[in-house]
Amino acid sequence: MSLFRSMQVFVTTVQEGSMSAASVKLGISPAMVGQHVAALEERLGTRLLNRTTRRQSLTDFGMSYVEQCRDILERVAIADQDAEASQTKPRGLLRITAPTTFGAEVLIPALHRYRELAPDVTLDITLTDRNVDIVEEGFDIAIRIGELPDSRLIARHLAPYRMMICASPDYLERHGNPRHPSELSGHETIGFTPAARSPWKLSKGKDEVEVVPKTAITVNSGQAVRMAARAGLGVIMQPSILLTSDIQAGLLVRLFPDWHLRERPMSLIYHRDRRMTPRLRSIIAFAIAEFGRPNDLKSFAGRDASCFKIW
């Protein structure tokens, strides 16, 4: 058996607390985990783990050896990263997490342009509205909407998340078309969990209006909120990127186009200790060019890979 692989299996067994848990983590059978540990013990001529039917524990030598294995594995990982950083072409696995609505409606459709420029990068994308810990969960980058309290992260600011208030023509025909934001208090709204009952704040010049929506339905999906509005169930406030196509198709009507809704900051984040490999550099450059602030918004269409070298 490979000594390096056996070290990986041994360290994972210690971290996970059992051979069965390590087998799940590594995607191999518990018997194979045991064989790797046994091979190490035979090579070293001493036991690494005390095993019983209910638990396992490190021997005195095992405690020392697992730390040495961790050091070796870390050094190999650093060497691999350095080797990758010396290359000019992005390649390898890139793990991205983004909010569900933005990811489905904006990020995913744009990625064909990135794939044209970085065909050797394999993308693993997780869309969730949960506040993911990218360090603990092993993501390379995240796109996050809202404030960024975590000082461990480096943030590159993107174009802010703009909001619209809309309703379907059918709803407006049945309930009337509000002419001023203050009239919203008499209308039913569809809320996006968890901010369903947060005040809607609008401004126009020096005029400011704050409306507490009368929420009839709350949903934990931006796409579902949009479909509920199209079905005539109420008024919604959702990102413009989600609603623009429905407005153009006449399925929704934008309300109060002269009023300004508070924008939410959007950022691309990554860990400050993350090595700037070609694949990481490439996705950062792509996101900034594709989703950056209005004055910097540019499409990657027609560009070549040299645009990845802005860092």
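The analysis underlying the following values was restricted to heavy atoms, covering all of them including side chains, and did not include hydrogens, waters or symmetry mates.
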> For the ring pair Phe102 and Phe291, is the centre-to-centre distance below 6.0 Å?
Replying inline: yes
> Do the two ring centres, one from His271 and one from Phe139, sit under 6.0 Å apart?
Replying inline: no
>> Is it the case that atom CZ in Arg43 sees more than 12 heavy atoms from other parts of the structure closer than 6.0 Å?
In response: no
Is it true that a side-chain atom of [X] and a backbone atom of [Y] form a donor plus acceptor pair closer than 3.5 Å?
{"X": "Tyr171", "Y": "Ala231", "answer": "no"}
{"X": "Thr97", "Y": "Thr126", "answer": "yes"}
{"X": "Ser240", "Y": "Met164", "answer": "no"}
{"X": "Arg279", "Y": "Leu93", "answer": "yes"}

Kindly compute the distance separating [atom1] ([X]) from [atom2] ([Y]), expressed to the nearest 0.5 Å.
{"X": "Arg262", "Y": "Met237", "atom1": "CZ", "atom2": "CE", "answer": "10.0 Å"}
{"X": "Leu255", "Y": "His187", "atom1": "CG", "atom2": "NE2", "answer": "8.5 Å"}
{"X": "Ile284", "Y": "Arg156", "atom1": "CD1", "atom2": "CZ", "answer": "7.0 Å"}
{"X": "Leu123", "Y": "Leu111", "atom1": "CG", "atom2": "CG", "answer": "6.0 Å"}
{"X": "Ile283", "Y": "Ile143", "atom1": "CD1", "atom2": "CD1", "answer": "7.5 Å"}

> Stepwise, does the side chain to side chain contact (heavy atoms under 4.5 Å, CB included) test hold for Val212 with Trp200?
Replying inline: CA-CA 6 Å; Val212 178; Trp200 293 3; over 6 Å; no
Compare all side-chain heavy atoms of [X] with those of [Y] and state whether any distance is below 4.5 angstrom.
{"X": "Trp259", "Y": "Lys201", "value": "no"}
{"X": "Thr122", "Y": "Leu94", "value": "no"}
{"X": "Leu3", "Y": "Leu40", "value": "yes"}
{"X": "Arg144", "Y": "Met266", "value": "no"}
{"X": "Ile236", "Y": "Thr189", "value": "no"}
{"X": "Val219", "Y": "Ile217", "value": "yes"}
{"X": "Arg51", "Y": "Val37", "value": "yes"}

> Do Ser64 and Gln68 have a side chain donor and acceptor closer than 3.5 Å?
Replying inline: yes
> For Ser282 and Tyr114, does a side-chain donor sit closer than 3.5 Å to a side-chain acceptor?
Replying inline: yes
Would you kindly confirm whether [X] and [Y] end up in one hydrophobic cluster when ILVMFWY residues are joined by side chain heavy atoms under 4.5 Å apart?
{"X": "Ile241", "Y": "Leu251", "result": "no"}
{"X": "Ile190", "Y": "Met227", "result": "no"}
{"X": "Phe256", "Y": "Leu261", "result": "yes"}

>> Quick one, Leu184 with Val235, criterion side chain to side chain contact (heavy atoms under 4.5 Å, CB included). Give me CA distance, side-chain angles, the key distance, then yes/no.
In response: CA-CA 8 Å; Leu184 284 173; Val235 180; 4.1 Å; yes
> Between Ile165, Leu243, Asp246, which is the residue that forms a side-chain contact (heavy atoms from CB on, under 4.5 Å) with Gln238?
Replying inline: Leu243
>> So if I apply the side-chain contact (heavy atoms from CB on, under 4.5 Å) rule between Cys166 and each of Arg230, Arg254, Arg226, which one comes out positive?
In response: Arg254
Would you call [X] and [Y] a salt bridge, using N to O less than 4.0 angstrom?
{"X": "Glu183", "Y": "Lys214", "result": "no"}
{"X": "Arg95", "Y": "Asp124", "result": "yes"}
{"X": "Glu137", "Y": "Arg130", "result": "yes"}

>> How close do Val121 and Arg115 get, counting heavy atoms only, and between which atoms?
In response: O-NH1, 2.6 Å
>> Going by salt bridge (Lys or Arg N to Asp or Glu O under 4.0 Å), name the residues that satisfy it together with Arg70, two or more places apart in sequence or in a different chain.
In response: Glu67
Can you give the donor-acceptor pairs under 3.5 Å from side chains of residues 202-211 to other protein atoms, not counting sequence neighbours?
none

Could you pull out every donor-acceptor pair under 3.5 Å between side chains of residues 16-33 and any protein atom, sequence neighbours left out?
unit_1	atom_1	unit_2	atom_2	d
Ser18	OG	Ser20	OG	3.2
Ser18	OG	Ala21	N	3.1
Ser23	OG	Ser20	O	2.5
Ser29	OG	Met32	N	3.1

> Would Val253 and Leu172 count as a side chain to side chain contact (heavy atoms under 4.5 Å, CB included) if you check the C-alpha gap in whole Å, the side-chain angles of each, and the deciding distance to 0.1 Å?
Replying inline: CA-CA 9 Å; Val253 177; Leu172 296 175; 3.8 Å; yes
